[in-house]
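What follows is one structure encoded as structure tokens, with my remarks underneath.
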Amino acid sequence: MDTVYKISKAEQLNTDTFLFTINSEKVSKKARAGQIVHVKCGDEDGVLLRRPISICSVDRENGTFDIVFQIRGKGTKILSKYKAGDDIDIMGPLGQGFSLYPKHKKIIVVGGGIGIFPLLQLLKDHPAENKKAILGFRDKSCVILEKEFKQASDKLIITTDDGSYGEKGFVTDILKKELDKEPADMVFFCGPLIMMKLGVGIVKEYDIPCQVSMEQRMGCGIGACLVCVCKTKKGDDWDYTQVCKKGPVFGGDDIIFD
Amino acid sequence: MDTVYKISKAEQLNTDTFLFTINSEKVSKKARAGQIVHVKCGDEDGVLLRRPISICSVDRENGTFDIVFQIRGKGTKILSKYKAGDDIDIMGPLGQGFSLYPKHKKIIVVGGGIGIFPLLQLLKDHPAENKKAILGFRDKSCVILEKEFKQASDKLIITTDDGSYGEKGFVTDILKKELDKEPADMVFFCGPLIMMKLGVGIVKEYDIPCQVSMEQRMGCGIGACLVCVCKTKKGDDWDYTQVCKKGPVFGGDDIIFD
Amino acid sequence: MNDSINLKVNIGGLELKNPVIAASGSFGFGREYSRYFDLNRLGGIAVKGLTPLPRKGNPPPRIAETPSGILNSVGLQNPGVHEFIEKEIPFLRGFDTAIIANASGNTVEEYESMVEILSDADVDAIELNLSCPNVKEGCLSFGSSAKGVNNVVSSVKKYAKKPLIVKLTPNVTDITEIAKAAEDAGADSVSLINTILGMAIDAKTRRPILGNITGGLSGPAVKPIALRMVYQVSKAVKIPVIGMGGISNGTDAIEFLLAGASAVMIGTAGFVNPMAWVETIEGIEAYMALNHVNAVTELIGGLIV
Amino acid sequence: MNDSINLKVNIGGLELKNPVIAASGSFGFGREYSRYFDLNRLGGIAVKGLTPLPRKGNPPPRIAETPSGILNSVGLQNPGVHEFIEKEIPFLRGFDTAIIANASGNTVEEYESMVEILSDADVDAIELNLSCPNVKEGCLSFGSSAKGVNNVVSSVKKYAKKPLIVKLTPNVTDITEIAKAAEDAGADSVSLINTILGMAIDAKTRRPILGNITGGLSGPAVKPIALRMVYQVSKAVKIPVIGMGGISNGTDAIEFLLAGASAVMIGTAGFVNPMAWVETIEGIEAYMALNHVNAVTELIGGLIV
Ligand SMILES: Cc1cc2nc3c(=O)[nH]c(=O)nc-3n(C[C@H](O)[C@H](O)[C@H](O)COP(=O)(O)OP(=O)(O)OC[C@H]3O[C@@H](n4cnc5c(N)ncnc54)[C@H](O)[C@@H]3O)c2cc1C
Ligand SMILES: Cc1cc2nc3c(=O)[nH]c(=O)nc-3n(C[C@H](O)[C@H](O)[C@H](O)COP(=O)(O)OP(=O)(O)OC[C@H]3O[C@@H](n4cnc5c(N)ncnc54)[C@H](O)[C@@H]3O)c2cc1C
Ligand SMILES: Cc1cc2nc3c(=O)[nH]c(=O)nc-3n(C[C@H](O)[C@H](O)[C@H](O)COP(=O)(O)O)c2cc1C
Ligand SMILES: Cc1cc2nc3c(=O)[nH]c(=O)nc-3n(C[C@H](O)[C@H](O)[C@H](O)COP(=O)(O)O)c2cc1C
Ligand code: FES
Ligand code: FES
């Protein structure tokens, strides 16, 4: 199976965040919001494993899709050196994306840090009438894709930890305020574990269903090696479930945060 | 100590042989024919060690030197991807070069394969009146640096294993013929071990001194780790001696070929 | 595939059409990779390590990347041997490849029962995992002494109606002793190496990266150690040796065959390149064609020393 | 160098101004690297392994490159302890850095005599090499059992007038047992790991790459194994632990300190980068500054589990 595609655009969004547009009929046709690709970064320094990166947005007409990633360690550092025209080795689309229900009229997406990326295509694809996005960043210099999220949503609230841009504070506090104003049919979370844990607790108070996108270190990326698990409910019991195959998106109720 | 220099020219000489011109006042000033540099190729695929490469020629005025190398394995493969303008991490010049005695009027250099490279600067630097070069290649497609060697020598004999260019046969046979015609004051060998072993045996018959440039896998490149040894005579006994520090050039008589 | 090239090997009664096997734990039960390539290509599949009852395994994170290697601490998460027999064997039997059941237990009795159950199941061989570094009881504690190995292997032997492969741990002073103990107790072959116990630390958080603190090292980093152990063991025992540890391509596989392995397993490399198994088979064929080797068995133990 | 940062450590009586030591065998007797950097920077230098008489070592090739690692089979080539004392100590004493004499022998008597001789020489500590995988007699055969280690260490102890470091081999089933044996017999500290026995094969020539067939693996590839062993040993013994195996930079060194090492040694990384030792010291300082750690001793064993 061929997994090598061409990067048609490589753009630096801020000091450590990069956007690649990748040509792939296959991925762009099959991809659903929330799914991931598993990226081979390179062989430098004995780096072996692929890195899981969310599909950020898809251009089905032109057969391309975008990924956005931040430099965190060795692999993403190597990846950041790719240029337009380079080949990139990608497995995907992988996993289960967000479930979009046409009957839902009002939705809210809540994202933090590198968790905002999969929410963009979700907003684009969701048929709801009213789509709110609450996105949290560390500070002003970290704010990216603002225009794109504005376009894809009906209301965009940006927060920063230090208040240097948008509202000051946590996305979960903003979520609470928004839900106090007006309920929603579904809330989608993607970001740090603690944010999702808090978020799931909040929407439960309002009796609103939610979906969360989980993060875990991965090996195979396709469900075979069982390294990427998170704790999920299973009747009265619980289980370790593969994030790469059964996730990354789970029902908020299915996850045991501990 | 700074070991990073700029490649000012990167040229492909044939399918798998490359020439780099490297800017370095330090190396070009200090280098003597037969010395080596120890090159960091890159981090790909867990490649760690530096590769020893001979200094092929030196431009002392412009502060540059040339190395020529053939792709053999992982490291030289990575190295072949460097371009003009790239930085290269090089330790050197290292080791002991050829000893050039002004009193020697007639010299012969005998090289095979990747062993020909250090002989070029030797020919350039040696004050002898009559300099012959006998260079062996696998076949016509492997013949490189012919012009440069012609210029640096008074007589150049090229041999190929299959006779597709120059004379057919081994350099050692040609050496014998040449010595039958006319003796020499010193013969310099660099190439496959078996060629040098034969060569040393031949010149001994003619009672001519010789020098050989030894090849061995290296670690530190500066004499500290003792991995790069060859067998040398030590009175009635023998010893393992570091090729990187005490060599690569040894008196033909000092080496035990077994 | 070159028709004049014979890739068949016989591993103590287990016939393989080629010497490349998916290593246990890297390949699940084959379903996932069946979308990437034709499982018929494989010599065999060693399925995820099985235990009598389902096991949840260790807390995440379960993987860490190290220079040219990975650490894993899965801890034998599996649905139990009965679900394997019911749900996975029928799927795997749809392919023309050997099924190797990798079996673990906490006690000698559990090992016995696993072998008894699997002997009556439709598998081609049983690989006794005496070497998982990621579980507290059983397994490695049996596998790290000749006595322990002899004890387990001779106990299960009477239940074994299939070729019995004993999988050895590298975490021992002298692996040849362990291999000989397995041979003496009736193993039909040995496979090695399982992972090497290791650890990774995040200097920033000052915490271990793995949820289980330590994990098992595999991948290219361990290849020189694995190769040495395969070489030592294949000289020490008469039964066939299955070699593994860091094999990523045909050249690596050839090195293991030359060192004395009769077949090879590949795990970690498949995470990097899902075609690693197939490309290794192709690489072996290419080497054989280039070097005019007709039967892969000619290469086994062919190291010139 | 930040003045408020205290890098001093005490390794069982051996005072070091900083915890970075050149590992034995990688650094000769210091002369060569003295042209690359100021040896005064180093916490200490463990010199090339010494024996009572000069040794020629093993036939070349003595090094092979493996993924993120190297194999070496030098086999203790050295000029003998007397020449060391006569010619090398005076040179090394020109620098303000600890001299650690790495000593090997073929028999218990040879070890005793080495310790006796070195105790009267101007060195700061003696590192007993019970772990070289590249020589046939002595060394590893003592080092791979608790009994052997106890035997050698308690025999030499009575001659030791300098801090005694016992260097352990990773080629054992349970390194904590070996470490405890060393401690019980009177070692002032232990250093680990020496190299792991491995092998490399050239598929083209079908021959081993090393003249000695097998060699010892070192470099980044072994780091996870070394880190695990340092963690285990530092929990099992009360004497200080010197950690090594694949350390290339400050972050790696911090990981070893957190795992329980009181100092680190660096070998292989210096072949890649002759400034590795110095840059590691700088990296430790940078980490301490960033994390407001005043004394490096605060980091030792600081892993949060
Ligand atoms: C489902 C999913 C979707 C993701 N989507 C994005 C995205 O769209 N954009 C983006 O920038 N990042 C995303 N990430 C996080 C991204 O995978 C990590 O930042 C990246 O793997 C770190 O690799 P590194 O080489 O920079 O770090 P290193 O520290 O060198 O990585 C070492 C190992 O740890 C793993 N690892 C380290 N941090 C993480 C992490 N946070 N999550 C998973 N594995 C990790 C690496 O994959 C690698 O195997 C996603 C992660 C998951 C699980
Ligand atoms: C003194 C000396 C001078 C040399 N001069 C030149 C030169 O001018 N041009 C040139 O093309 N080559 C030269 N060589 C040979 C060159 O060093 C090797 O071809 C090169 O190291 C192979 O590295 P690789 O990454 O291609 O092979 P790999 O097989 O990936 O190398 C693996 C390891 O083995 C070592 N190795 C493999 N083959 C050799 C070899 N023949 N000699 C030494 N080490 C080896 C490598 O350095 C590395 O450590 C010289 C060697 C020596 C010792
Ligand atoms: C994620 C993972 C899970 C594993 N699970 C098992 C297992 O269940 N049973 C077993 O015998 N070996 C298991 N192993 C070990 C492999 O089968 C193999 O022995 C080891 O990984 C070395 O081969 P490699 O370097 O090709 O991966 C596992 C390895 C990995 C990486
Ligand atoms: C070329 C070489 C020679 C070595 N010689 C010795 C030695 O003489 N005595 C000793 O105790 N250890 C010796 N070692 C082992 C190192 O001191 C160290 O334990 C090992 O290499 C792991 O550290 P590293 O990964 O930083 O190299 C040698 C290692 C190498 C690479
Ligand atoms: S990464 Fe292998 S199962 Fe998820
Ligand atoms: S390479 Fe280290 S002594 Fe020559």
Side-chain angles (χ1 to χ4, degrees), chain B residues 1-4 26 30 38-52 72-76 78 89-95 193 214-232 234 237-247 255-258, chain D residues 22-38 45 47-49 54-79 200 202 204 209-211 215 218-221 246 248 267-275 278:
Chain B
M1 181 174 292
D2 204 20
T3 54
V4 178
K26 186 186 122 195
K30 291 170 69 177
H38 211 28
V39 185
K40 177 104 187 80
C41 300
D43 298 319
E44 275 95 339
D45 246 354
V47 163
L48 283 184
L49 293 171
R50 290 167 181 267
R51 285 4 187 200
R72 284 293 178 92
K74 283 185 178 182
T76 47
I78 298 171
D89 182 345
I90 268 183
M91 294 167 69
L94 302 173
L193 204 67
M214 300 297 288
E215 215 175 287
Q216 192 47 269
R217 291 176 184 247
M218 293 187 181
C220 69
I222 60 172
C225 73
L226 297 173
V227 309
C228 65
V229 298
C230 64
K231 222 172 185 172
T232 55
K234 188 188 181 188
D237 197 9
W238 59 273
D239 222 345
Y240 280 134
T241 303
Q242 302 105 304
V243 169
C244 69
K245 186 181 177 179
K246 303 291 175 65
I255 298 293
I256 302 175
F257 294 97
D258 53 11
Chain D
S24 175
S26 65
F27 210 73
F29 301 105
R31 285 180 196 276
E32 291 80 12
Y33 282 105
S34 70
R35 268 175 242 139
Y36 280 80
F37 62 87
D38 179 2
I45 295 172
V47 302
K48 176 64 202 168
R55 275 184 74 111
K56 293 198 196 308
N58 289 323
R62 291 178 173 180
I63 189 167
E65 191 178 61
T66 68
S68 296
I70 64 166
L71 290 165
N72 91 80
S73 58
V74 171
L76 293 182
Q77 175 173 353
N78 80 93
D202 183 338
K204 256 187 226 146
I209 289 176
L210 297 173
S218 61
S248 308
T268 306
F271 300 169
V272 183
N273 170 16
M275 298 302 287
V278 173

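All chains are named by letter (A, B, ...) in the order of the sequence lines, taking the proteins before the strands, and each is independently numbered beginning at 1.
- Inter-residue side-chain proximity for D:Pro274 and B:Arg50 is flagged as met; some heavy-atom pair is nearer than 4.5 Å.
- Within the 4.5 Å cutoff, the side chain of B:Trp238 has heavy atoms near those of the D:Lys56 side chain.
- At a 4.5 Å heavy-atom cutoff, D:Phe29 makes no contact with chain B through either its backbone or its side chain.
- Note: D:Leu210 CG to B:Arg217 CZ = 8.5 Å, rounded to the nearest 0.5 Å.
- Side chain of D:Glu65 to main chain of B:Val47: no donor-acceptor pair is present (N/O by atom type, distance under 3.5 Å, no hydrogens or angles).
- The cationic group of D:Arg55 does not satisfy the cation-pi geometry with B:Tyr240, failing either the under 6.0 Å distance to the six-membered ring centre or the 45° limit from the ring axis.
- Proximity to chain B is limited to the side chain of D:Lys48, based on heavy atoms less than 4.5 angstrom apart.
- Once rounded to the nearest 0.5 Å, the distance linking NE2 of B:His38 with CZ of D:Phe271 reads 9.0 Å.
- At a 4.5 Å heavy-atom cutoff, D:Pro54 makes no contact with chain B through either its backbone or its side chain.
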List the steps and the verdict of side-chain contact (heavy atoms from CB on, under 4.5 Å) for B:Val229 and D:Gln77.
-> CA-CA 10 Å; B:Val229 298; D:Gln77 175 173 353; 3.7 Å; yes
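- Contacts of D:Ser248 with chain B are absent, with no heavy-atom separation under 4.5 Å from either backbone or side chain.
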side-chain contact (heavy atoms from CB on, under 4.5 Å) between B:Leu49 and D:Ile63, worked out = CA-CA 10 Å; B:Leu49 293 171; D:Ile63 189 167; 3.7 Å; yes
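- Between D:Tyr33 atom OH and B:Cys220 atom SG the span is 4.5 Å, to the nearest 0.5 Å.
- Residues that satisfy the side-chain contact (heavy atoms from CB on, under 4.5 Å) test with D:Glu32, not counting sequence neighbours, are B:Ile222, B:Ala224, B:Lys245.
- Proximity to chain D (any heavy atom under 4.5 Å) is restricted, for B:Asp237, to the side chain, taken from C-beta onward.
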